[in-house]
Amino acid sequence: MDASIKHRNSEKTYTFVTPAADSSIEVLNEFYWTNDAEPHVLRRKQILEAHPEVRKLTGYEPKTKWYVMLVVLLQCSVAIYLRNTPFLSWKFFILAYVIGATANQAIFLAIHELSHNLLFKKPFHNKIFAIFTNVPIGIPYSASFQPYHQLHHKFMGDEYLDTDLPTKWEGIILSNLLGKVFFATCQIFFYALRPMFITQIKFTYIHLLNILGQAVFDYFWIKFFGTTSFMYFILSSFLAGSLHPCAGHFIAEHYVLNENNRPKNPEIVNGSNVIPVPAETYSYYGSLNRLTWNVGYHNEHHDFPYIAWTKLPQLKAMAPEFYDTLPQVKSWCGVIWWFVFNDVNLLWNRVKRQGKIKQGHKIEKLDENQN
């Protein structure tokens with residue numbers, strides 16, 4: 001049956017199709033499906049009406065590039081330092097986990113800032129600098145990330161265009177203790193490989209430059225500093241998307257966890273059982289934001305993706321009535337633990353929308369000036 005319920009913090013009505021009470025567990029555990037638009041466009045409009053001064057926060061942050069260059073230099077320096085250290089040693093692993101994974105997570109998220117054109121005024125300069133920023137990751141990544149991430153913002157929750165969403169088969173296979181451990185440990189592979197099975201993007205000269213630039217860097221790095229030194233980059237990238245404190249943001253941002261997830265406790269509205277719409281995006285305001293370009297300010301980022309990381313705390317301070325009442329994540333480490341060991345937290349716990357295109361559709365072009 002179709003039913004509707006009003007979100008507590010707005011006048012917007014969300015429509016859900018709720019399964020029958022005697023449906024199979026696979027159906028009852030399905031995603032939160034809605035027919036309505038994602039909430040960030042509406043909240044952005046409301047904030048701009050209430051606080052027009054927010055517009056002054058928009059624009060790129062030129063000093064970010066210097067921080068990025070320092071992180072890239074740090075990674076290259078540690079890789080050179082470890083060139084004669086056995087790969088299968090505690091020293092190698094600890095440095096890759098403590099320094100390497102933290103630094104490469106910052107590099108992943110610097111590419112995220114670049115994907116919104118927030119380091120330079122011209123989009124082309126952001127794309128080229130992203131290729132440079134990519135080098136300590138070890139494999140070409142930046143050119144593909146930008147279009148997929150733009151789709152995530154423009155079509156959040158769309159079953160085909162938002163490749164941040166787990167697939168149905170991931171939900172079926174991995175929504176158990178061992179499956180969640182595997183998912184949390186190997187998140188980086190899911191985010192890297194899932195998009196190509198869902199929605200294909202057009203191959204451009206930027207992709208070619210990314211591949212060639214990374215291949216040239218890898219070749220000369222291995223030639224001069226050896227394979228072991230290069231493997232520091234690869235291990236750092238894997239650990240950055242694994243059981244690492246900073247990797248908690250991957251799950252924290254959009255998974256409906258703990259008390260926010262109420263699939264087995266529907267409310268009665270107009271005599272019908274309905275599942276209340278959960279928040280789709282969650283912010284974290286803890287200290288790890290200092291290492292990750294404030295990516296924890298995720299509601300703020302989705303509301304205003306053209307505001308740079310340095311200004312997101314100011315946005316929250318300008319519009320506290322919009323953000324202070326939203327559910328928050330208190331700990332990224334806690335998110336990983338709760339996701340794995342709390343039975344109510346599954347891969348199904350995402351808000352999803354009916355896709356506007358067929359699976360496997362090829363995206364020919366995106367707006368080059370998209371922020």
Side-chain angles (χ1 to χ4, degrees), residues 60 62 64-87 92 95-97 99-150 163 188-189 191-196 200-242 293 362-363 365-366 368:
Y60 67 100
T64 308
K65 61 180 177 291
W66 304 113
Y67 298 145
V68 173
M69 292 170 69
L70 286 175
V71 176
V72 171
L73 179 62
L74 171 64
Q75 279 295 77
C76 291
S77 299
V78 177
I80 293 172
Y81 172 74
L82 291 174
R83 66 188 183 280
N84 296 320
T85 302
F87 179 73
F92 196 101
L95 287 179
Y97 185 86
I99 298 178
T102 306
N104 267 18
Q105 184 64 250
I107 286 171
F108 283 129
L109 294 171
I111 292 173
H112 168 253
E113 286 287 297
L114 286 156
S115 75
H116 291 287
N117 299 323
L118 291 174
L119 270 70
F120 300 90
K121 185 176 182 179
K122 294 184 178 181
F124 177 75
H125 295 162
N126 285 276
K127 296 176 190 296
I128 295 300
F129 193 78
I131 293 173
F132 160 76
T133 305
N134 194 131
V135 295
I137 294 176
I139 59 174
Y141 161 81
S142 64
S144 294
F145 175 79
Q146 182 178 36
Y148 281 122
H149 187 67
Q150 289 178 7
T163 57
I188 196 69
F189 295 128
Y191 284 102
L193 299 176
R194 182 193 297 138
M196 68 180 67
Q200 288 73 52
I201 57 176
K202 184 179 180 181
F203 188 86
T204 68
Y205 74 96
I206 293 295
H207 292 85
L208 181 60
L209 289 176
N210 190 194
I211 293 170
L212 292 177
Q214 191 66 47
V216 169
F217 173 84
D218 293 350
Y219 172 79
F220 283 104
W221 191 271
I222 293 171
K223 180 178 180 180
F224 290 108
F225 301 112
T227 303
T228 301
S229 178
F230 175 73
M231 289 304 297
Y232 168 77
F233 295 139
I234 300 300
L235 183 59
S236 296
S237 296
F238 171 75
L239 294 174
S242 185
W293 320 103
K362 188 173 182 180
I363 304 300
K365 186 177 180 180
L366 288 172
E368 293 292 319

Atom NE2 of His116 and atom NE2 of His112: how far apart are they, to the nearest 0.5 Å?
3.5 Å
Side chain to side chain donor-acceptor pair (under 3.5 Å) partners of Glu113, counting only residues at least two apart:
none
Are Ile137 and Ile139 close enough that some pair of their side-chain heavy atoms sits under 4.5 Å apart?
yes
Using every non-hydrogen atom in the two residues, find where Asn134 and Asn210 come nearest and quote the distance to one decimal.
OD1-ND2, 3.5 Å
Can you name the ring-ring contact (aromatic ring centres under 6.0 Å, His included) partners of Phe92, sequence neighbours left out?
Phe87
Flag the pair Leu82 / Leu95 as yes when at least one side-chain heavy-atom distance between them is below 4.5 Å, and no otherwise.
yes
Parallel, tilted or perpendicular, judged at 30° and 60°: which one describes the rings of Phe225 and Trp221?
tilted
About how many Å separate CG of Leu114 and CD1 of Ile128, when rounded to the nearest 0.5 Å?
11.0 Å
Do Arg83 and Ile80 pass the side chain to side chain contact (heavy atoms under 4.5 Å, CB included) test, and can you show the C-alpha distance, the side-chain angles, and the key distance before you say yes or no?
CA-CA 5 Å; Arg83 66 188 183 280; Ile80 293 172; 3.1 Å; yes
Note: Ala79 and Ser229 closest approach over all heavy atoms is O-OG, 2.7 Å
Hey, what do you get for OG (Ser144) to CD1 (Ile111), rounding to the nearest 0.5 Å?
11.0 Å
Under the side chain to side chain contact (heavy atoms under 4.5 Å, CB included) rule, what do Lys127 and Ile131 come out as? Steps first, then yes or no, please.
CA-CA 7 Å; Lys127 296 176 190 296; Ile131 293 173; 5.9 Å; no
Residues forming a ring-ring contact (aromatic ring centres under 6.0 Å, His included) with Tyr60, sequence neighbours excluded
none
If the condition is ring-ring contact (aromatic ring centres under 6.0 Å, His included), which residues does Phe120 pass it with, not counting sequence neighbours?
Phe129
Distance-minimising heavy-atom pair for Ser237 and Pro136
OG-O, 4.1 Å
His207: ring-ring contact (aromatic ring centres under 6.0 Å, His included) partners, not counting sequence neighbours:
Phe203
Could you tell me whether a side-chain N or O of Ser242 sits under 3.5 Å from a main-chain N or O of Phe238, the two making a donor and an acceptor?
no
Spell out, as yes or no, whether a donor-acceptor pair under 3.5 Å connects the side chain of Gln214 to the backbone of Val135.
yes
First locate atom CG of Leu74, then atom OG1 of Thr102, and finally report the distance between them rounded to the nearest 0.5 Å.
9.5 Å
Run the numbers on Leu212 and Leu208 for side chain to side chain contact (heavy atoms under 4.5 Å, CB included), then give the verdict.
CA-CA 6 Å; Leu212 292 177; Leu208 181 60; 3.9 Å; yes
Minimal heavy-atom distance between Gln75 and Ile99, with the atoms involved, is OE1-O, 4.1 Å
Scanning both residues in full, the closest heavy-atom pair of Ser236 with Gly100 reads OG-CA, 3.2 Å
Looking at Phe108 versus Tyr141, is the centre-to-centre ring distance below 6.0 Å?
yes
At their closest point, which heavy atom of Thr163 faces which heavy atom of Arg194, and how far apart are they?
O-NH1, 3.1 Å
Side chain to side chain donor-acceptor pair (under 3.5 Å) partners for Tyr81, two or more places apart
Lys91
Rounded to the nearest 0.5 angstrom, the CG-CD distance for Asn126 and Gln146 is 8.0 Å
Inter-residue atom distance Tyr232.OH - Cys76.SG, 0.5 Å rounding:
9.5 Å
Check step by step if side chain to side chain contact (heavy atoms under 4.5 Å, CB included) holds for Thr85 and Thr228.
CA-CA 8 Å; Thr85 302; Thr228 301; 5.6 Å; no
